[in-house]
Amino acid sequence: MEYILAPSILAADFGNLRQDVKTVAEAGAQYIHIDVMDGMFVPSISFGMPVIKSIRSCTDKVFDVHMMVEDPGRYVESIRAAGADIITVHQEACTHLDRVIGQIKASGAKAGVALNPATPVSTLECVLDQVDMVLVMSVNPGFGGQKFIPYTLDKVRALRQYFDRKGLSTDIQVDGGVSAANVKEIMLAGANVFVAGSAVFGGDAAARTKEFVEIFSSMQ
């Protein structure tokens with residue numbers, strides 16, 4: 001299984017954003033995680049297409065865009081045009097989830113679906129075979145620096161068992177409270193893509209990225 005680090009630029013220095021992206025990319029991060037927030041689905045407002053487009057040229061790493069917005073289908077084509085490679089939408093934000101997954105795939109991006117901590121995996125039963133990635137939120141979305149919610153690991157285990165049983169290589173991403181101290185436990189539960197914000201950008205971003213990469217190598 002390939003393990004992937006996706007540093008969240010929500011925790012980066014916005015005044016030095018392009019350089020921060022280059023730093024983690026050069027240190028071994030495979031994805032750049034970009035949280036788009038609208039102030040409605042979650043309390044915070046972050047950034048949108050202009051910011052994504054402005055940093056697209058500074059790296060060829062995968063842009064992993066997490067849409068924490070109401071009715072995200074409205075923005076799929078624009079987010080893709082700005083440079084997204086993966087577009088993840090929340091089950092809780094989509095009235096017609098199947099339709100939105102279809103929109104994402106039609107745009108040429110990979111399709112991900114996110115679940116809030118209290119949303120059961122069973123709500124995705126009809127679409128699990130269609131998606132490229134499931135994002136398990138291990139904190140309530142909207143703010144960085146929160147504490148990891150332990151019961152979300154049960155959802156990771158359930159998803160990995162489902163995908164293994166079906167013979168699918170679907171990625172399982174975990175976002176929220178992920179650190180070098182707990183990432184092995186999350187890996188053992190079955191996740192393979194890890195979003196880390198303050199755990200990367202809260203100090204020496206290059207050194208912290210390399211620490212995650214070394215942990216991943218030790219678990220291969």
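Everything numeric here is computed off the predicted structure, so don't read it as measured data. We number each residue from 1, following the sequence as shown.
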Participant: Testing the 3.5 Å rule here: is there a donor-acceptor pair between the side chains of D13 and Q19?
Facilitator: no

Participant: Are the side chains of V113 and L124 in touch, meaning some heavy atoms are under 4.5 Å apart?
Facilitator: yes

Participant: Q30 side chain to L5 main-chain N or O, any donor-acceptor pair under 3.5 Å?
Facilitator: yes

Participant: Can a donor-acceptor pair be found, under 3.5 Å and without considering hydrogens, that links the side chain of K110 to the backbone of T88?
Facilitator: no

Participant: Taking atom types as modelled, is there a side-chain donor on D35 or S8 under 3.5 Å from an acceptor on the other?
Facilitator: yes

Participant: Could you tell me which non-hydrogen atom of F148 sits nearest to which non-hydrogen atom of P150, and how far apart they are?
Facilitator: O-CD, 3.3 Å

Participant: Hydrophobic clusters here meaning ILVMFWY residues chained together by side-chain heavy-atom distances under 4.5 Å, can you tell me if V127 and L159 are in one?
Facilitator: yes

Participant: Supply the atom-to-atom distance H33 NE2 to F194 CZ, rounded to the nearest 0.5 angstrom.
Facilitator: 13.5 Å

Participant: Before you tell me yes or no, could you show the steps for K61 and D85 under side chain to side chain contact (heavy atoms under 4.5 Å, CB included), namely the whole-Å CA-CA distance, both residues' side-chain angles and the distance that decides it to 0.1 Å?
Facilitator: CA-CA 9 Å; K61 299 297 183 179; D85 298 297; over 6 Å; no

Participant: Could you check whether any side-chain N or O of R208 sits under 3.5 Å from a backbone N or O of S179, counting only pairs where one atom can act as donor and the other as acceptor?
Facilitator: no

Participant: Using side-chain heavy atoms (C-beta onward) and a distance below 4.5 Å, is E77 in contact with Q103?
Facilitator: yes

Participant: So, does D175 use its side chain to make a donor-acceptor pair with the main chain of V195 at under 3.5 Å?
Facilitator: no

Participant: Whether the side chain of R74 engages the backbone of D71 through a donor-acceptor N/O pair (distance < 3.5 Å, no angle test) should be reported.
Facilitator: yes

Participant: Do I55 and L17 have side chains that get closer than 4.5 Å, going by heavy atoms?
Facilitator: yes

Participant: Taking the side chain as C-beta and beyond, is there a heavy-atom pair between T170 and Y162 under 4.5 Å?
Facilitator: no

Participant: Grab the two heavy atoms, one from V139 and one from I149, that are nearest each other, plus how far apart they are.
Facilitator: CA-CD1, 3.9 Å

Participant: Give the cluster check for L153 versus V134: same hydrophobic cluster or not, with ILVMFWY residues linked at side-chain heavy-atom distances below 4.5 Å.
Facilitator: yes

Participant: Cluster question for you: counting only ILVMFWY and a side-chain heavy-atom cut-off of under 4.5 Å, with indirect links fine, are I4 and F163 together?
Facilitator: no

Participant: So, D64 and Q173: side-chain donor and acceptor under 3.5 Å apart, yes or no?
Facilitator: yes

Participant: Hydrophobic cluster membership, with links at side-chain heavy-atom distances under 4.5 Å among I/L/V/M/F/W/Y: are I45 and M67 in one?
Facilitator: no

Participant: With clusters defined by side-chain heavy atoms of hydrophobic residues (ILVMFWY) lying less than 4.5 Å apart, directly or transitively, does L97 cluster with V69?
Facilitator: yes

Participant: Do Y3 and F212 make the cut of ring centroids closer than 6.0 angstrom?
Facilitator: no

Participant: If you measure from CD1 on I101 to CD on Q91, what distance do you get to the nearest 0.5 Å?
Facilitator: 10.0 Å

Participant: Please report the shortest heavy-atom distance between D20 and A12, naming the atom on each side.
Facilitator: OD2-CB, 3.5 Å

Participant: Between the side chain of R157 and the main-chain N/O of A189, is any donor-acceptor distance below 3.5 Å?
Facilitator: no

Participant: Quick one: does any side-chain atom of R160 pair with a main-chain N or O of G190 as donor and acceptor, under 3.5 Å?
Facilitator: yes

Participant: D38 and Y75: side-chain donor and acceptor closer than 3.5 Å?
Facilitator: no

Participant: Does any non-hydrogen side-chain atom of C94 lie less than 4.5 Å from one of P72?
Facilitator: yes

Participant: Quick one, T123 and E125 - any side-chain contact, counting heavy atoms below 4.5 Å?
Facilitator: no

Participant: Please round to the nearest 0.5 Å and tell me the distance separating atom CG of L128 and atom CG of L168.
Facilitator: 9.0 Å

Participant: Do other residues, nucleotides or ligands put more than 12 heavy atoms under 6.0 Å from the CE atom of M219?
Facilitator: yes

Participant: If we ignore hydrogens and angles and just use 3.5 Å, is the side chain of N116 paired with the main-chain N or O of A118 as donor and acceptor?
Facilitator: no

Participant: Nearest 0.5 Å please: distance from the CE atom of M137 over to the CE atom of M68.
Facilitator: 6.0 Å

Participant: Taking the side chain as every heavy atom from C-beta outward, state whether I34 and H66 have any atom pair closer than 4.5 Å.
Facilitator: no

Participant: Is the ring centre of F63 less than 6.0 Å from the ring centre of Y31?
Facilitator: no

Participant: How about I9 and I32: do any of their side-chain heavy atoms sit closer than 4.5 Å?
Facilitator: yes

Participant: Between V200 and T209, what is the shortest heavy-atom contact and its length?
Facilitator: CG1-OG1, 3.6 Å

Participant: Nearest 0.5 Å, please: how far is CG in L10 from OG in S44?
Facilitator: 7.5 Å

Participant: Under a 3.5 Å cutoff, is there a donor and acceptor pairing between the side chains of E92 and T119?
Facilitator: yes

Participant: Using only heavy-atom distances, determine whether the side chains of T59 and R18 contain a donor-acceptor pair under 3.5 Å.
Facilitator: no

Participant: Mind listing the closest non-hydrogen atom pair of A109 and A84 along with its distance?
Facilitator: CB-O, 4.4 Å

Participant: Quick one: closest heavy-atom pair of A206 and A27, and the distance?
Facilitator: O-CB, 3.7 Å

Participant: Starting at OG of S78, measure out to NZ of K53 and round the result to the nearest 0.5 Å.
Facilitator: 10.5 Å

Participant: Is D204 paired with K210 through a side-chain N to carboxylate O contact shorter than 4.0 Å?
Facilitator: no

